[in-house]
Amino acid sequence: MTRETPMPIRAAAALVAAATLAAPALAEFREVEAEGTVPQVADRLAAAVEEAGATLFARVDHAAGAEAAGLELEPATLLVFGNPELGTPVLQADLKAGLYLPLRVLVMDRDGQTFIVYEDVRAMLDELDVPPAAPYLEPISDALEALTTGVAEAPEGEMPPETSDEDDPAEGPAPQ
């Protein structure tokens, strides 16, 4: 005797299968270790963006936002920037790319180490009608990599804020 699966179960299984097939690809994030504090690295990145001729559209201090809401968050600053000469061809290919452009780079602290985090450009646009081999994607990827790796190392003379020995009970009071 053959038993047929009830209609609600078949419908649920079909929905799960459809949702799985339609799910977007997982984001491909790049992380670059950086020297200095989150504000220092974010400042260097903002300066490099402007020096490269791009426009810094926004700077979002997530930790300050959390603090204003009475919550705690590790230091994290999002920079939103772009260059219309590079980004416009992407938008011409698929205007939905405007959901990803201008570019976003997060400077964050994880366990006392600063990281610069961004999404791989080709992976970010993978679900859109932007050809993965489009010649205008490489300059964007190259510029993003150059900017983030270029600011990862602290310039000579830039030091993280000093901490006083008085702040560390194991060290005892600072010598006079």
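A quick note: this is a predicted structure, and the numbers were derived from the prediction, not measured.
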Write down the atom of [X], the atom of [Y], and the distance for their closest heavy-atom approach.
X    : Y    : value
L106 : A76  : CD1-CB, 4.2 Å
V32  : A152 : CG1-CB, 3.7 Å
P89  : P84  : CD-O, 4.2 Å
V38  : M108 : CG2-C, 3.6 Å
P155 : R44  : CD-CD, 3.4 Å
P102 : V80  : CG-CG1, 3.6 Å

Rounded distance (nearest 0.5 Å) linking atom [atom1] of [X] with atom [atom2] of [Y]:
X    : Y    : atom1 : atom2 : result
L99  : L128 : CG    : CG    : 7.5 Å
F57  : R104 : CZ    : CZ    : 10.5 Å
D126 : D120 : CG    : CG    : 9.5 Å
L147 : E51  : CG    : CD    : 9.5 Å

Do [X] and [Y] come close enough that some side-chain heavy atom pair is under 4.5 Å?
X    : Y   : answer
E67  : H62 : no
I116 : V41 : yes
L56  : L79 : yes

Connected via hydrophobic side-chain network under 4.5 Å: [X] and [Y]:
X    : Y    : value
L73  : V60  : no
Y100 : L144 : yes
V130 : L103 : yes
L78  : L45  : no
Y136 : M124 : yes

Just by distance, do the side chain of D94 and the backbone of D129 share a donor-acceptor pair under 3.5 Å?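 Confirmed, D94 side chain pairs with D129 backbone.
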If we ignore hydrogens and angles and just use 3.5 Å, is the side chain of Q40 paired with the main-chain N or O of T37 as donor and acceptor? yes
Sequence neighbours left out, what pairs pass side chain to side chain donor-acceptor pair (under 3.5 Å) with at least one residue falling in residues 139-157?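 Checked against side chain to side chain donor-acceptor pair (under 3.5 Å) - neighbours excluded - no pair reaches residues 139-157.
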Which residue pairs pass the side chain to side chain donor-acceptor pair (under 3.5 Å) test when at least one of the two sits in residues 68-80, sequence neighbours left out?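 Non-adjacent pairs meeting side chain to side chain donor-acceptor pair (under 3.5 Å): zero.
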For E85, look at atom CD and say whether over 12 heavy atoms of other residues, nucleotides or ligands are found less than 6.0 Å away. no
Atom CD of residue position E31 - does it have more than 12 heavy atoms of other residues, nucleotides or ligands inside 6.0 Å? yes
Can you list the steps and then say if L125 with V90 is a side-chain contact (heavy atoms from CB on, under 4.5 Å)? CA-CA 9 Å; L125 302 170; V90 180; 3.7 Å; yes
Is the Lys NZ or Arg CZ of R30 less than 6.0 Å from the centre of Y118's six-membered ring, within 45° of the axis? no
Residues forming a side chain to side chain contact (heavy atoms under 4.5 Å, CB included) with A64, sequence neighbours excluded: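 Applying side chain to side chain contact (heavy atoms under 4.5 Å, CB included) to A64 gives D61.
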